[in-house]
Amino acid sequence: MQATGVGDFVVDSSKAAGLENCVEPTEYMRRNHMEVIRHQRDTTVYGGIRSTKHSLAGCVECHVGYDAQHKPVGIDGDGQFCAACHDYAAVKLNCFDCHATVPQGEAWNQVRATEHESLLPGVEEQADAAAAAAAASGAKAAAQESRAQ
């Protein structure tokens with residue numbers, strides 16, 4: 001682990017260890033990473049917009065460490081990036097109750113979400129309503145365009 005400053009817990013075997021800083025400046029991410037992750041969550045869940053710059057999967061892909069056999073070690077494990085910093089700050093780490101702790105691709109998170117859909121009542125109905133609204137909006141725009149011609 002790098003320990004060049006208080007709270008610097010980048011694991012030596014991670015991709016992040018070879019980078020100068022995170023997707024945002026290091027000091028900013030130390031203080032604001034949870035807000036960045038929450039914003040990305042809201043953008044994805046409520047807006048249906050998926051990007052990778054601030055995705056939790058992107059964090060895991062970059063910050064996960066590897067063992068001697070070059071297999072990824074869970075990012076929430078003892079001495080690993082998330083766990084080490086959260087232990088230092090005495091903050092509960094619960095992101096990985098549902099999300100992957102090693103890079104396994106976006107599909108894995110979708111499977112986990114489906115397994116836990118009972119924890120989020122109404123999500124399926126909200127998704128159906130959003131799709132219906134988008135379809136109605138598209139039909140209305142098409143009708144307006146047709147009349148304009």
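All figures in this text were calculated on a predicted structure; none of them were measured in a lab. Quick note: residue numbers are just sequence positions, from 1. The figures that follow rest on heavy atoms only: side chains count, while hydrogens, waters and symmetry mates do not.
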Original post:
Would you say Val11 and Ile75 are hydrophobically clustered, going by side-chain heavy atoms of ILVMFWY under 4.5 Å?
Top reply: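 Val11 clusters together with Ile75.
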**OP:** Might you point out which heavy atoms bring Glu20 and Thr26 nearest each other, and give the distance in Å?
**Re:**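 Scanning both residues, the minimum pair turns out to be O-OG1, 4.3 Å.
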Original post:
Which pair of non-hydrogen atoms, one from Ala17 and one from Asp12, has the smallest distance, and what is that distance?
Top reply: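 Looks like CB-O, 3.4 Å.
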Original post:
CD/Gln40 to CG/Leu56 distance, rounded to the nearest 0.5 angstrom?
Top reply: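 Rounded to the nearest 0.5 Å, the CD-CG separation comes out at 10.0 Å.
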Original post:
Taking only residues two or more places apart in sequence, or in another chain, which ones meet Glu27 in a side-chain hydrogen bond (donor to acceptor under 3.5 Å, both in side chains)?
Top reply: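 Per chain and number, Glu27 pairs via side-chain hydrogen bond (donor to acceptor under 3.5 Å, both in side chains) with Arg30.
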**OP:** Keeping the roles fixed (side chain from Ser13, backbone from Tyr66), state whether a donor-acceptor pair exists under 3.5 Å.
**Re:**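 Looks like yes, one N/O pair under 3.5 Å.
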Please report, to 0.1 Å, the donor-acceptor pairs under 3.5 Å made by any side chain of residues 31-39, with sequence neighbours excluded.
unit_1: Asn32; atom_1: ND2; unit_2: Tyr28; atom_2: O; d: 3.1
unit_1: His33; atom_1: ND1; unit_2: Met29; atom_2: O; d: 3.2
unit_1: Glu35; atom_1: OE2; unit_2: Arg38; atom_2: NH1; d: 2.6

Original post:
Got a sec, which pairs hit salt bridge (Lys or Arg N to Asp or Glu O under 4.0 Å) with one end in residues 76-89, sequence neighbours left out?
Top reply: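 Listed once each, the pairs would be none.
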Original post:
Heavy atoms, side chains only, cut-off 4.5 Å: are Phe81 and Val64 in contact?
Top reply: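 Counting from C-beta outward, Phe81 and Val64 never come under 4.5 Å.
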Subject >> Any Cys22 side-chain heavy atom under 4.5 Å of His63 side chain >> reply: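 Of all side-chain heavy-atom pairs linking His63 with Cys22, at least one is under 4.5 Å.
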